Each structure stands twice: as C-alpha cells, then as structure tokens.
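Everything quoted here is computed from the prediction, not taken from an experiment. Sequence positions, counted from 1, serve as the residue numbers for this chain.
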Amino acid sequence: MNIIARNVLLLPGLFLLGLYLYVRVIDAAGGLESAMIHLQWLELAFVLYLYTYFFMIQRPGRWRGLIATIPVLIGYLVQDIYFLAFGKVFRLIAVMELPELIQVLPAGYLFMVVIFILLPLVIFLASVNYAALRPVILGALPLVLLAALIAWSPGAYTAFIHTAGNGIVKYSEAKSVESNGRYVMMMYREADRISALAATAPYRNRATYEEGIKQRAGQIIRSGSMRNVHLIVLESFLDPTLFSNASYSSTPVHPDFSKLFGDKQGLSVSPVFGGATAQAEFEILCGIPALEKLSSIEFNIFTGAPVYCLPGLLGKAGYRTVATNAYKPNFFNALPAYQGTGFGEIYFPAEYSGSRDSYFSATHAGEEDYLFDGALFEQNLEFVARALKDDEPRPLFNYIMAIYGHTPHDLDVSLRPEILQLESGYKDDHLQRAANQYYYRTQAITSYIRKLQKIDRNSFIMIVSDHVPPLRNGPNTYRELAYMDNIENSYYYNRLLIIENGQPVVYRRMRHFDLPDVVLDYITGGQYCRAQDCPHLTDTPLQDRMSYLDRYYTLMAHASE
C-alpha cells in the first residue's frame, strides 16, 4: 500500500510541483506568465495523463519517476525557448521549420539543444520497456484518439476548448496560452489550422483569379511609367540608435549614410520578431498579412503554382523580374515560393545552386558566417548593369534578400574590426556586434545606392529590414534598453529607406504588407492609390489584419494548388 500510495499520489504531486516551479522560472525570465497555472484544468489533466503513461511504459528503476518527466518538460522547454527567442507562441506546424533553424543555429545554442533536449530524450527512450507492448499500445490510445479528433473533426476540438477552457483571447495568443496551457493551445492552433485549410476550398477558382490579375496588369501598363524597381530586404538590419537607454563609444551610423538620408528614415512593422524571414518576405512581396492560418510559414504552403504577388503582377505588365537570395534554395521553401510569387529569374549563391545558373558567389563571406551586404551589392550592381544594357526594352524588378545581419552577428575583424562599444548598464554582446555591423552596413548601403543611381538614375529604390534580431536576451533586451521608447509592439518596428526620383522620402505609417502599394503607386504615377485606398497615404484608421482574411484565403488557395 505504501508503494502504491507513493506511485499514485507522491510522484504525480512532485511532478506537478516541479512543473509549477518550472513555469515560475520561465515567467521570471520574461516568458509566458505563470499566474494562471492553477486554473489550467485541461492542461493539468493532459500533462498528468502524459506523465502517468510515460511512467507506466518504463522499466522499473530508482529514477523511473524522474525520467517520466523528461518528454513532458522537453515539450514545455521547446515551446518556451521558441517564445523567448522569437516573441511568439509555438505552433505544432513550426516543427517544419526545424531543419532551417538548425542550419542557422549558433554553436552555443546547438550545444544547449543537444545537452538539454536530445540527450535527455535519448535517456528516456533507452528506459522504455519495449517488451511490454500492452501498456505501450493501450496507454497511447487516448493520445491517438485525440490526434484523430483534431485531424478529422478539428471544429469539435476547438468548440470543446471554447466551452470547457478558460476562454480564447483573440488579440493575444500568449494570453490564451497563459489561460489554458501550452499543450492545450498548441493542439487548439493545429485544429484551427486544419479548419483553415478546408476553408480555402471555396476560394479556389483559377479562371476568375487569372482574369483579375490580367485586369490589374492592364491598369499598370496603361498608367505605368514602367520605371525600374529595386527592392532590397536586409536580414536583421537593426538601427542601434533606436534604443533610448543605450549609448555607444562612437556613432554606429556611417557619416555617408547620415548625409544621404538625414532624418528621411522611415519605419515599417514586420509580422515577426527575431526570426522567420520568410514571413516578412511574404508580406513584402504579396501585400497581405502573414496570418499563419495554414502554416506558421506561408511560403511552406507554396507549390510553385502562380499567385501573381508583386513580382508576378509586374511580370504580367512586362517587367523582367529577378530574385537574388544570398542563402540556400531549400531554406523556407524559397524556390517554389519565389516561383509562385512570380519571379521569372531566381538566383542563389553559386555554392548552393548545383546545376542552376547563378551570377554571384558567397565565397566573399570570408571568416564571417554570412555574405557581407557590400560584397553582395557589388555583384548585383554588375548584374543590373548588364541587364539594363542587354534587355533595355523591358523594365527591371530587382529583388534582393540579403542575409549578413543574421545572429550571432559575427565580424571578420581583418575586414571589419569593432570600432565602437556598447555603453549601457544592461549588457548584450549581440547588440554590440550588431551595432558595429550597422556601421559597415550603412556604409555599404550608401555606396550601393550612389552607384546604382549612376547606372539607373530614375529608378525606385526601397530597402527594408525583414525583422529585428533576437539579440542575446530576446525581448528582454528591447524592453530594458527601451527600443522605440517601448511603444506597443516596439520590437516589430524596422527601418525602411525609400528613394523616389533620386531623393529619400518618408511615409507616415507603414506595415510590411503595405509596401507593394508604395511600389505600384510610384510606377503608375499615383494612379494606383487614386483608384483605391492606400493606408500609407490616408488619415483613415488602419484596417485590422484580419480584415484581409478573404484576400489571404484566395491567395493561399491558389498558392497551394
């Protein structure tokens, strides 16, 4: 009886106490709040079931109760690391991102993954009594039935959570998790995603869709100046001067950049923080919010079927559309995604291109992990010069996705030595390196623009950061150092630089999915926005992201064909 009491009462009690202490630590570290843990009845029931199941399938041993906690805690740890690093709630579909995340994970973080996740998981799997098939199979039945319910009747699961849970907070996924639990909400979001996939079916009408694109392209042809467009997206182009509580031993802005732009530097709100560049690209190219209804990365749904985002629309209007991506073609499904958005030519570094043609090389990266912006720009300038000479009748849409500013912001000191120090009571070594990178990046941007204007004087140039980087301590660094004076959602704001008619211009308010409107309005001489409301030119309240849902479903229905 004592043994039964210990196993039935004491061990689960200790498990729940340990879980409670764990979430309190995460709360103190700036993660999801733990105040609602005592109300998360569905979550508590689920984790107790998991703990009991993992306990029952192990071989008898002294550490059986402790080892049974490993899978449960790993599930929590993965979700919490994701939230701390990227500022958003983990979704089950985000597992699809793991190959990309592992490719760019710094060595220190990779070591932590091995020590705190992979090694404990190996220990757990080695402790399972695989000879006892009955408890392994029968104990898994509730989990299998739950998975089947979510897969085949997702609406029933979400309806149950609405009824039995503590409420879904529509404006905050994090608060929904804090109210209902990590596992419960992870399954809820997956059920919601499956429902959304089914919801796209009524929006799939290729003939009607193509006709609408044909009409829009015709409007551009009739009213367009057909000027060349250069759209550059910079990985983690963080402006260190936007931290109110940080100062530096010398300016992190190159003087040439200050002279060119002065106070004509804008801001645009990204859909992501710290990572998931593809989400920013989706908004910038397609002009629709990345709502994550079908996937945590919209580009992962793209099959290559044409959806005529900005490059596809310009291609229909007669443009030569070229995409240059400084990283790997398998990163976030980039190749099918670029094909689907409408690029006629797609280039990756020669080192990663295999048999595909490429006009540039990443060997210029030297001792740094990623190709420096300036080295990429110089190669792109040579390409643009040839394109303007060889294909003069067609206007050019020149799109660049640079990668240099990626975490951990390494510098090749033989080429780009550190020239400044972060002076702040709150230290973040990633911010210090990013600030040094910013000096060299602003120099490279200025040089690129000046040379580009010499060979293509009357073109439109837009440069925008995909998102700000996670730095060492994620959102905590941004809050402690008062990025953007800690306005609401401050760390979603990114630098935006626009050159029109040879001069920098600033728009009052921008979101990444508004940027295609700016391009289209410019090349049509203002006719595009006169024919419809463009948020960046009006004083009317900005539309809520969810008001774009019909356009989102329409595009994603055709992208997934």
Side-chain angles (χ1 to χ4, degrees), residues 16-17 19-51 72-73 75-84 86-94 142-143 145-199 271-273 289-296 475 479 488-489 492 542-550 552-553:
L16 291 178
L17 176 61
L19 192 63
Y20 176 74
L21 294 175
Y22 165 84
V23 296
R24 291 300 298 268
V25 170
I26 292 297
D27 183 0
L32 294 163
E33 293 182 5
S34 60
M36 301 296 290
I37 188 67
H38 60 287
L39 297 178
Q40 296 175 0
W41 303 115
L42 295 175
E43 179 82 356
L44 292 175
F46 184 71
V47 295
L48 277 174
Y49 153 71
L50 289 179
Y51 175 78
V72 181
L73 290 177
Y76 269 58
L77 190 62
V78 168
Q79 295 181 63
D80 289 320
I81 289 175
Y82 191 86
F83 184 82
L84 287 168
F86 303 119
K88 66 177 183 177
V89 171
F90 180 85
R91 297 186 179 206
L92 192 59
I93 192 65
L143 195 60
L145 292 174
L146 180 60
L149 174 67
I150 293 172
W152 296 328
S153 185
Y157 178 83
T158 56
F160 172 74
I161 299 302
H162 279 282
T163 302
N166 293 316
I168 304 300
V169 183
K170 293 184 178 180
Y171 66 87
S172 172
E173 288 190 326
K175 291 188 180 299
S176 294
V177 172
E178 290 162 4
S179 297
N180 297 285
R182 290 160 174 77
Y183 283 116
V184 168
M185 286 307 301
M186 182 174 67
M187 292 183 287
Y188 177 92
R189 294 304 178 195
E190 177 62 11
D192 194 44
R193 185 188 72 85
I194 294 171
S195 296
L197 277 171
V272 288
F273 160 77
L291 299 177
E292 299 185 18
K293 286 293 184 179
L294 284 70
S295 171
S296 62
R479 285 191 291 264
E488 185 178 3
N489 297 321
Y492 288 93
L542 294 177
Q543 287 182 283
D544 181 78
R545 291 171 62 86
M546 293 306 296
S547 67
Y548 292 79
L549 189 59
D550 281 348
Y552 175 88
Y553 277 151

Checklist entry - Does the side chain of W152 reach to within under 4.5 Å of the side chain of I194, using non-hydrogen atoms? => result no
Item to check | Under 3.5 Å donor-acceptor, N180 side chain and N166 backbone | outcome: yes
Next on the checklist: Please give me the minimum heavy-atom distance between S176 and M185, naming the atom from each residue.
Outcome noted: O-CG, 3.5 Å
Checklist entry - When the ring planes of Y188 and H162 are compared, do they come out parallel, tilted or perpendicular, using 30° and 60° as the limits? => result perpendicular
Next on the checklist: Are Y553 and K293 packed together at the side-chain level, in the sense that at least one heavy-atom pair is separated by less than 4.5 angstrom?
Outcome noted: yes
Checklist entry - From L19 CG over to E43 CD, what is the distance, rounded to the nearest 0.5 angstrom? => result 8.0 Å
Checklist outcome for this item: Closest heavy-atom pair, P271 versus Y492, reported as atoms and distance to 0.1 Å, is O-CE2, 3.8 Å
Item to check | Stepwise side-chain contact (heavy atoms from CB on, under 4.5 Å) check, Y49 with L143 | outcome: CA-CA 9 Å; Y49 153 71; L143 195 60; 3.4 Å; yes
Item to check | Minimum heavy-atom distance between T158 and G155, given as atom pair plus value | outcome: OG1-O, 3.0 Å
Checklist entry - Of all heavy-atom pairs between M186 and L92, which one has the smallest distance, and what is that distance? => result CG-N, 3.9 Å
Checklist entry - What are the two closest non-hydrogen atoms of L32 and I26, and how far apart are they? => result N-CG2, 4.0 Å
Next on the checklist: Using a 3.5 Å distance criterion without hydrogens, assess whether the side chain of Y183 forms a donor-acceptor pair with backbone atoms of V72.
Outcome noted: yes
Item to check | Residues which pass salt bridge (charged side-chain N to carboxylate O under 4.0 Å, His left out) with R545, listed by chain and number, not counting sequence neighbours | outcome: E283
Next on the checklist: Is there a side-chain contact between L149 and F160 in this structure, where contact means two heavy atoms from C-beta onward sitting under 4.5 Å apart?
Outcome noted: no
Checklist outcome for this item: Closest non-hydrogen atoms of E178 and Q40, given as atom of the first, atom of the second and distance, are O-NE2, 2.7 Å
Item to check | Side-chain donor/acceptor of S179 to backbone N/O of K175, under 3.5 Å | outcome: yes
Next on the checklist: What verdict does the side-chain contact (heavy atoms from CB on, under 4.5 Å) test give for Y22 and D80, after you've listed the backbone C-alpha separation in whole Å, the side-chain angles of each residue and the deciding distance to 0.1 Å?
Outcome noted: CA-CA 11 Å; Y22 165 84; D80 289 320; 2.7 Å; yes
Checklist entry - Tell me, do V23 and R182 make a side-chain contact under 4.5 Å, heavy atoms counted? => result yes
Checklist entry - Is there side-chain contact between L294 and Y552, with at least one heavy-atom pair below 4.5 Å? => result yes
Next on the checklist: I need the Y20 OH to L44 CG distance, nearest 0.5 Å.
Outcome noted: 12.0 Å
